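Shown next, in structure tokens, is the structure this report addresses.
Please read these numbers as outputs of a predicted model, since none were measured by experiment. Heads up: numbering here begins at 1 and tracks the sequence.
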Amino acid sequence: MKRKILLFLFLSAMNVIPLFGEQNLLQRVKNNPNEAIKLCKKFRNFNAKGISVNGDVAIREVVKKEGFNQLNAEIYSVYAIGLHCPEVF
């Protein structure tokens, strides 16, 4: 277990494993408002079908569209919602 953690930390430090910091995700939402607004439109469509934007279906869509891992997709979604579509659920 310790070896895996050390390997992960080493590879992360060398930028071999792509990790987005929360600040980078926030900047991406701020710098690309049209992208976030398109995502909000999808979220509104999910809501119209009774699907929560915090559920697996919506997060998988962000993972697929943006190429993020699940955690980064959730963070990105929260920022997009907060800045562009706070009414979605």
N/O donor-acceptor pairs under 3.5 Å from side chains in residues 78-88, not counting sequence neighbours:
from  : atom 1 : to    : atom 2 : distance (Å)
Glu87 : OE2    : Arg44 : NE     : 2.7
Glu87 : OE2    : Arg44 : NH2    : 2.9

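- Residues Leu39 and Val29 share a single hydrophobic cluster, defined by chaining ILVMFWY side chains whose heavy atoms lie under 4.5 Å apart.
- For Lys38, the NZ atom counts as loosely surrounded, since its 6.0 Å shell holds 12 or fewer non-hydrogen atoms of other residues, nucleotides or ligands.
- Note that NZ of Lys42 and NZ of Lys65 are 7.5 Å apart. Values are rounded to the nearest 0.5 Å.
- For Asn47 against Ile51, the heavy-atom pair with the smallest separation is ND2-O, 3.0 Å.
- When side chains are defined from C-beta on, Gln70 does not count as touching Arg60, because their heavy atoms never get closer than 4.5 Å.
- Both Leu26 and Leu71 are assigned to one and the same hydrophobic cluster, defined by single-linkage of ILVMFWY side chains at heavy-atom distances under 4.5 Å.
- In plain terms, the two heavy atoms of Phe43 and Ser77 that are nearest each other are CZ-OG, 3.7 Å.
- For Tyr76, the ring-ring contact (aromatic ring centres under 6.0 Å, His included) partners at least two apart in sequence or on another chain are Phe68.
- Both Val57 and Val53 are assigned to one and the same hydrophobic cluster, defined by single-linkage of ILVMFWY side chains at heavy-atom distances under 4.5 Å.
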Carefully, step by step, assess Glu61 and Glu66 under the rule side-chain contact (heavy atoms from CB on, under 4.5 Å).
-> CA-CA 8 Å; Glu61 181 70 26; Glu66 300 296 333; over 6 Å; no

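- Nearest heavy atom pair, residue Ile75 against residue Leu25, reads CG2-CD1, 3.6 Å.
- Annotation: the span from Ile59 atom CD1 to Asn72 atom CG amounts to 11.0 Å, rounded to 0.5 Å.
- The line from CD of Glu74 to CG of Asn54 is 8.0 Å long, rounded to the nearest 0.5 Å.
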